[in-house]
Amino acid sequence: AKQDGRGAFHFFEVALDQAARERRQLELDLRMALSSGEFALNYQPIYDLKNDRISGFEALLRWTHPTRGLVGPDLFIPVAEQSGLILSIGEWVLGQACREAAKWPDHVRIAVNVSTLQFCHPGFTSTVMLALSRSGLDPQRLEIEITESVFLEGNDTVLAVLRQLRSLGIRIALDDFGTGYSSLSYLRSFPFDKIKIDKSFVDAITSDTSAMAIVRAIVVLAFSLKMETTAEGVEDCEQLEELRGQGCTSVQGYYFSRPIDGSAAFALVGRSTSV
Ligand code: C2E
Ligand code: CA
Ligand code: CA
Ligand code: CA
């Protein structure tokens with residue numbers, strides 16, 4: 001039995017070692033990815049239920065690794081955060097997203113995900129301003145998506161940065177609402193433009209009455225605070241109708257479109273005003 005125990009221990013040791021090596025390799029590869037042009041942005045339409053048209057796109061980062069092929073952001077974003085590479089990657093994302101969005105009609109916005117580390121970095125506001133001035137994009141067409149985790153970083157600086165961005169005309173969305181360290185005090189201390197209702201609630205909305213009640217409460221709360229709501233991960237008609245009935249402002253998900261590349265996004269909105 002003792003032998004078996006040691007054997008099992010050894011097995012975990014090897015597995016851990018392997019995982020650490022893979023992570024290190026991923027980090028090395030990630031370092032090369034920017035300069036080698038391995039990143040691209042995809043754009044997922046956000047559909048406005050009131051005006052019945054696309055009101056914007058969310059930029060989603062894609063990495064085509066030279067040997068592994070497509071690597072998902074859920075895998076490499078954490079590595080990019082731990083290594084600090086997210087700062088240069090995030091800067092590239094902002095520049096690229098603003099440049100692309102500048103081609104779209106004026107009512108179409110671009111939403112950009114910003115990681116907490118990036119948001120809390122002292123140079124963040126200047127990075128955003130640089131992306132805007134280089135692309136010529138109207139600041140009101142840029143929406144920054146942050147998660148509740150930024151509020152773990154000391155409220156005062158975070159609020160100062162949020163106000164600074166807001167004073168430039170940039171919109172702020174609270175992403176993945178309800179999944180993190182949700183505290184309603186954030187909503188009191190800062191007037192977000194939008195709350196994004198997490199996919200996990202949308203998934204359950206037609207099967208689980210408590211998910212339905214939570215979504216309803218979020219929508220009502222947001223409405224009273226004059227914030228918009230976007231439901232993410234909408235995959236079928238039933239979910240859409242439920243969300244529409246509850247008064248959700250906009251929806252996003254495979255039911256409308258998967259994330260698509262820049263030229264497909266442009267084709268979708270073109271220069272006309274509606275779809
Ligand atoms: P997120 O911000 O919550 O983005 C939504 C995710 O849900 C995206 O996954 C999107 O492709 C996926 N999605 C949208 N509609 C549906 C649907 O109907 N069904 C299903 N099953 N999935 C749907 P993706 O692109 O893999 O991104 C994962 C996460 O990686 C994002 O979650 C975001 O947190 C992060 N991420 C992506 N791009 C960036 C970026 O440029 N910067 C930073 N910091 N994070 C990013
Ligand atoms: Ca997002
Ligand atoms: Ca989200
Ligand atoms: Ca999410």
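Everything numeric in this text was worked out from a predicted model, so none of it was measured. Below, each value reflects all heavy atoms present in this structure, side chains not excepted, and no hydrogens, waters or symmetry copies.
- Within 6.0 Å of CZ in R21 there are more than 12 heavy atoms belonging to other residues, nucleotides or ligands.
- In the hydrophobic clustering of this structure, V202 groups with V215; members are Ile, Leu, Val, Met, Phe, Trp, Tyr whose side-chain heavy atoms approach within less than 4.5 Å, directly or through other members.
- E238 CD: 12 or fewer foreign heavy atoms inside a 6.0 Å radius.
- Cluster annotation: I172 and F223 are assigned to distinct hydrophobic clusters (Ile/Leu/Val/Met/Phe/Trp/Tyr, side-chain heavy-atom contacts under 4.5 Å, transitive).
- Listed for the E228 side chain is no donor-acceptor partner under 3.5 Å among the backbone atoms of D193.
- Here the straight-line distance linking atom CZ of R62 with atom CG of D261 works out to 11.5 Å at 0.5 Å rounding.
- Checked by atom type and distance alone, the side chain of S133 pairs as donor or acceptor with a backbone atom of L130 at under 3.5 Å.
- With hydrogens and angles disregarded, a donor-acceptor distance shorter than 3.5 Å links the side chain of R141 to the backbone of A101.
- Summarising the geometry, atom CG belonging to D198 is positioned 4.5 Å from atom OG1 belonging to T179; distances are rounded to the nearest 0.5 Å.
- Residue E58 forms a salt bridge (Lys or Arg N to Asp or Glu O under 4.0 Å) with just one option from K196, K194, R258, and that option is K196.
- Salt bridge annotation for E27-R24: absent, with no cationic side-chain nitrogen under 4.0 angstrom from a carboxylate oxygen.
- Between W92 and F39, the angle of the ring planes lies from 30° to 60°, which puts this pair in the tilted group.
- Ring-plane geometry between F76 and W63 is classed as perpendicular, the angle between the planes exceeding 60 degrees on a 0 to 90 degree scale with a lower cut at 30.
- The shortest heavy-atom contact between L26 and L75 is CD2-O, 4.2 Å.
- Without hydrogens or angle criteria, Q246 side chain to R216 main chain gives a donor-acceptor distance under 3.5 Å.
- Ring geometry for Y43 versus F57: interplanar angle over 60°, hence perpendicular rather than tilted (30 to 60°).
- Hydrophobic clustering (ILVMFWY, side-chain heavy atoms < 4.5 Å, transitive): F177 and L49 are in one cluster.
- Residues passing the ring-ring contact (aromatic ring centres under 6.0 Å, His included) test with Y255, sequence neighbours excluded: none.
- Around atom CE of M129, no more than 12 heavy atoms belonging to other residues, nucleotides or ligands sit under 6.0 Å away.
- The number of heavy-atom neighbours closer than 6.0 Å to CD of Q140, taken from other residues, nucleotides and ligands shown, is 12 or below.
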